Amino acid sequence: MSDTVETPRTNFIRQIIEADLAAGKHARIVTRFPPEPNGYLHIGHAKSIVLNFGLAQTFGGTCNLRFDDTNPHKENVEFVDSIKADVRWLGFDWGDRVYFASDYFEQLYAFAIELIEKRLAYVCDLNAEETRSYRGTLTEPGRDSPYRDRTVEENLDLFKRMRAGEFPDGARTLRARIDMASPNINLRDPVLYRIKHGVVHHQTGSAWCLYPTYDYTHPISDALEGITHSLCTLEFEDHRPLYDWCVNNVSVPCKPRQIEFSRLNLEYTVMSKRRLTELVGERHVHGWDDPRMPTVAGLRRRGYTPGAIRDFCERVGVTKSDNLVEMALLESTIRDDLDATAPRRMAVLRPLKVVITNYPEGRTESIEARNHPKDETLGLRAVPFGRELYIDRTDFEEIPPKGFKRLIPGGEVRLRNAYVIRCEEVVKDADGEIVELRVSADLDTLGRNPEDRKVKGVIHWVSADHGVRAEVRLYDRLFRVAVPGAGGADFRTDINPDSLQILSDAVLEPALQGAEAGTRFQFEREGYFVVDTDSTPERPVFNLTVGLRDTWGKSRS
Ligand code: ATP
Ligand code: MG
């Protein structure tokens with residue numbers, strides 16, 4: 001864990017808001033979560049959601065959901081819908097305050113006219129290449145565009161004709177008239193509008209061929225919505241003077257305050273939407289909701305609960321220092337949640353047949369088992385027991401390593417919730433593969449220990465006659481290294497080729513049959529699992545959410 005984790009709940013943004021409210025600067029706070037609908041939300045967005053909606057809740061204010069949709073060719077309605085579903089699933093409610101920056105296109109245009117009239121904006125005929133070369137560098141000032149001193153009349157005329165579609169893409173832009181010598185490059189006459197023909201915007205259709213830039217749209221959208229505190233990530237710190245310039249130079253009803261915090265970075269994954277889009281598009285994963293993805297949809301399908309994700313966001317805290325959060329923190333958050341809430345079940349992932357030679361053929365016993373070792377309110381269930389069972393292959397060793405406490409030839413082990421058995425015979429096929437164990441049961445050991453000896457190991461099992469066949473998907477980290485693509489390498493070369501392992505003949509105790517997609521369980525001794533959306537009544541599919549303890553990098557013992 002990085003050294004920047006704070007005690008949950010208090011942070012510098014909260015303190016700013018408390019001070020603003022105490023000083024009477026605002027009667028109520030208004031925040032917003034402003035995603036661009038060009039991908040699914042990821043866990044970094046969750047941090048921003050929890051922060052913005054959480055602050056509004058804490059201080060009795062409101063939080064808007066606003067789609068920052070100024071870049072139509074990468075955006076679409078599928079993304080809009082997925083974002084709404086994910087915010088709702090995380091437990092937040094924007095009421096009737098869902099907005100689109102494109103709702104403000106007409107107003108933004110009118111403010112641009114206002115800027116032109118104040119000689120604070122001009123139509124520039126430099127192309128993209130020329131604009132870049134005029135901009136200067138970090139060490140050299142820029143040069144004024146030759147079009148900078150056009151008259152108000154000429155600018156108004158050209159800008160209106162830009163809107164009317166008279167000029168091709170890239171022929172002209174509208175630029176703010178600020179300062180080409182500013183040490184802050186963002187203030188060197190930034191572009192406010194570009195021409196884009198032929199794109200169909202998911203909200204405004206073909207109504208516009210003129211699109212405002214993010215840097216111009218964002219502050220004005222905030223101001224139009226009466227946002228008091230506009231929270232964004234640190235890379236926008238250098239844009240703040242431009243943010244302030246925009247709200248100070250047009251006739252908006254309020255002046256929101258931009259405050260930056262550090263973005264969430266998580267080990268063993270990538271978070272930029274560009275990279276996530278590539279993972280999906282190039283089929284390195286099976287979609288945006290692939291359980292290996294750091295997306296909210298992926299985490300949901302993986303079995304994460306909204307509460308665990310909110311808790312994780314609280315635990316990482318809000319600071320201004322860059323940090324890389326350990327995957328182990330995310331995993332321990334869901335483990336804590338599921339340890340307390342998930343019913344226990346038995347599932348044999350790699351089945352090995354066991355025949356109890358002294359148990360009557362055809363007999364079935366119903367054994368009562370607790371659904372949770374600590375929480376009695378979760379009740380009991382019946383688990384059928386019979387002469388033929390499955391145990392996990394890894395729970396038997398012919399030549400046991402040191403310290404092995406499970407089943408060995410001639411040795412004893414307890415079947416969880418049932419009897420103590422002794423391995424009498426190992427049956428192999430022609431290739432020498434173990435195909436069956438023949439064992440005897442001590443029939444006096446149901447619910448009590450043998451008196452004359454200690455049996456240390458306990459293993460889980462499923463009745464062969466009653467077991468339900470299932471597919472179980474085990475997931476490992478999507479990347480082999482903590483920071484994929486570090487040092488400029490292609491992040492794809494760091495993909496873990498073994499991040500998905502499919503066990504196709506797992507056997508479940510019958511109480512797991514028919515569980516609905518999204519239902520979570522602990523498979524005893526294995527980990528936490530969730531019913532996948534690919535499940536059918538005939539063939540359940542389970543995803544590994546997280547193991548029982550942090551065993552990553554350590555071998556199974
Ligand atoms: P990405 O870089 O992943 O494409 P983005 O910032 O372009 O993300 P937006 O849709 O614009 O994505 O983000 C919506 C909000 O979520 C913004 O306020 C942004 O600052 C915030 N956000 C995005 N990524 C993170 C992150 N990793 N940690 C915290 N907040 C984030
Ligand atoms: Mg963005």
Side-chain angles (χ1 to χ4, degrees), residues 13 17 29-57 61-72 74-90 92-105 107-108 111 186 192 201-204 211-240 242-244 246-247 252-264 271-274 276 295-296 313 318:
I13 297 179
I17 293 175
I29 66 158
V30 185
T31 58
R32 85 288 173 265
F33 172 63
E36 183 181 354
N38 61 349
Y40 280 58
L41 297 181
H42 54 59
I43 182 87
H45 293 118
K47 173 175 173 171
S48 176
I49 292 166
V50 169
L51 179 63
N52 280 293
F53 281 93
L55 287 168
Q57 272 172 5
T62 47
C63 180
N64 299 347
L65 174 63
R66 184 200 321 134
F67 291 96
D68 240 321
D69 55 349
T70 53
N71 222 343
K74 288 190 179 160
E75 301 166 0
N76 66 47
V77 171
E78 175 196 345
F79 295 142
V80 170
D81 293 342
S82 76
I83 289 169
K84 287 182 182 170
D86 287 350
V87 174
R88 239 180 244 124
W89 180 76
L90 283 170
F92 298 104
D93 182 8
W94 55 85
D96 56 358
R97 298 174 314 279
V98 55
Y99 302 111
F100 290 83
S102 54
D103 295 341
Y104 311 130
F105 279 176
Q107 279 158 293
L108 287 160
F111 288 131
N186 294 301
L192 306 181
H201 188 287
H202 51 102
Q203 302 299 318
T204 57
Y211 286 94
T213 54
Y214 175 85
D215 276 340
Y216 173 65
T217 308
H218 195 74
I220 295 178
S221 305
D222 278 350
L224 290 172
E225 290 174 20
I227 303 298
T228 54
H229 299 84
S230 175
L231 313 180
C232 64
T233 38
L234 276 176
E235 68 271 22
F236 290 102
E237 197 164 23
D238 291 345
H239 297 237
R240 192 184 339 127
L242 177 55
Y243 183 103
D244 291 340
C246 291
V247 294
V252 283
C254 83
K255 317 281 181 213
R257 171 171 176 190
Q258 175 177 309
I259 305 169
E260 309 86 17
F261 63 97
S262 62
R263 48 197 305 128
L264 171 69
M271 211 86 90
S272 97
K273 271 186 280 188
R274 185 176 55 78
L276 295 175
T295 50
V296 173
C313 294
V318 179

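These numbers were taken from a predicted model, which means no experiment stands behind them.
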Is any side-chain heavy atom of [X] less than 4.5 Å from a side-chain heavy atom of [Y]?
X: Glu75; Y: Gln203; result: no
X: Lys273; Y: His45; result: yes
X: Tyr243; Y: Pro256; result: yes
X: Asp93; Y: Phe53; result: no
X: Ser262; Y: Lys47; result: yes

Over all heavy atoms of both residues, which pair between [X] and [Y] is shortest? Give the atoms and the distance, please.
X: Leu65; Y: Lys84; value: CD2-CG, 4.1 Å
X: Ile227; Y: Cys254; value: O-SG, 3.9 Å
X: Arg32; Y: Leu231; value: NH1-O, 3.0 Å
X: Phe33; Y: Ser48; value: CD1-OG, 3.5 Å
X: Val252; Y: Phe111; value: CG1-CZ, 3.7 Å
X: Pro253; Y: Leu224; value: CD-CD2, 4.4 Å

Inset, instruction - Assess whether atom NZ of Lys255 is packed by more than 12 heavy atoms of other residues, nucleotides or ligands within 6.0 Å. - result: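 Atom NZ in Lys255 is packed in, count exceeds 12.
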Inset, instruction - Taking the six-membered ring for Trp and the full ring for Phe, Tyr or His, determine whether the centres of His218 and Tyr214 are under 6.0 Å apart. - result: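 Here the rings of Tyr214 and His218 have centres that are less than 6.0 Å from each other.
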Inset, instruction - Run the salt-bridge test on Arg66 and Glu225 with the 4.0 Å N-O cut-off and return the result as yes or no. - result: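 Between Glu225 and Arg66 there is a salt bridge, with a charged N closer than 4.0 Å to a carboxylate O.
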Legend entry - Salt-bridge criterion met for Glu36 and Lys74 (N-O under 4.0 Å):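 Looking at Lys74 together with Glu36, the answer is no, because their closest N to O distance does not fall below 4.0 Å.
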Inset, instruction - Mind checking side chain to side chain donor-acceptor pair (under 3.5 Å) for Asn71 and listing every partner two or more places apart, or none if nothing turns up? - result: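 Per chain and number, Asn71 pairs via side chain to side chain donor-acceptor pair (under 3.5 Å) with Lys196.
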What's the spacing between [X] [atom1] and [Y] [atom2] if we round to 0.5 Å?
X: Thr295; Y: Leu276; atom1: OG1; atom2: CG; answer: 7.5 Å
X: Leu90; Y: Ile49; atom1: CG; atom2: CD1; answer: 5.5 Å
X: Ile13; Y: Ile259; atom1: CD1; atom2: CD1; answer: 5.5 Å
X: Leu55; Y: Thr62; atom1: CG; atom2: OG1; answer: 12.0 Å
X: Phe92; Y: Asn52; atom1: CZ; atom2: CG; answer: 10.0 Å
X: Cys63; Y: Arg97; atom1: SG; atom2: CZ; answer: 7.5 Å

Inset, instruction - Anything under 30° is parallel, anything over 60° is perpendicular, the rest tilted; go ahead and classify Tyr104 against Tyr99. - result: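 The arrangement is tilted - the two ring planes meet at 30° to 60°.
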Check whether any side-chain N or O of [X] sits under 3.5 Å from a backbone N or O of [Y] as a donor-acceptor pair, and report yes or no.
X: His202; Y: Val77; answer: no
X: Asp69; Y: Ser102; answer: yes
X: Asp86; Y: Ile83; answer: no

Inset, instruction - Might you work through the side chain to side chain contact (heavy atoms under 4.5 Å, CB included) test for Gln107 and Ile220, ending with a clear yes or no? - result: CA-CA 9 Å; Gln107 279 158 293; Ile220 295 178; over 6 Å; no
Inset, instruction - Given side chain to side chain contact (heavy atoms under 4.5 Å, CB included), test Phe261 with Leu234 step by step and report yes or no. - result: CA-CA 5 Å; Phe261 63 97; Leu234 276 176; 5.9 Å; no
Inset, instruction - Decide whether Thr228 and Arg257 meet the rule of one side-chain donor and one side-chain acceptor closer than 3.5 Å. - result: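 There is no such pair between these side chains.
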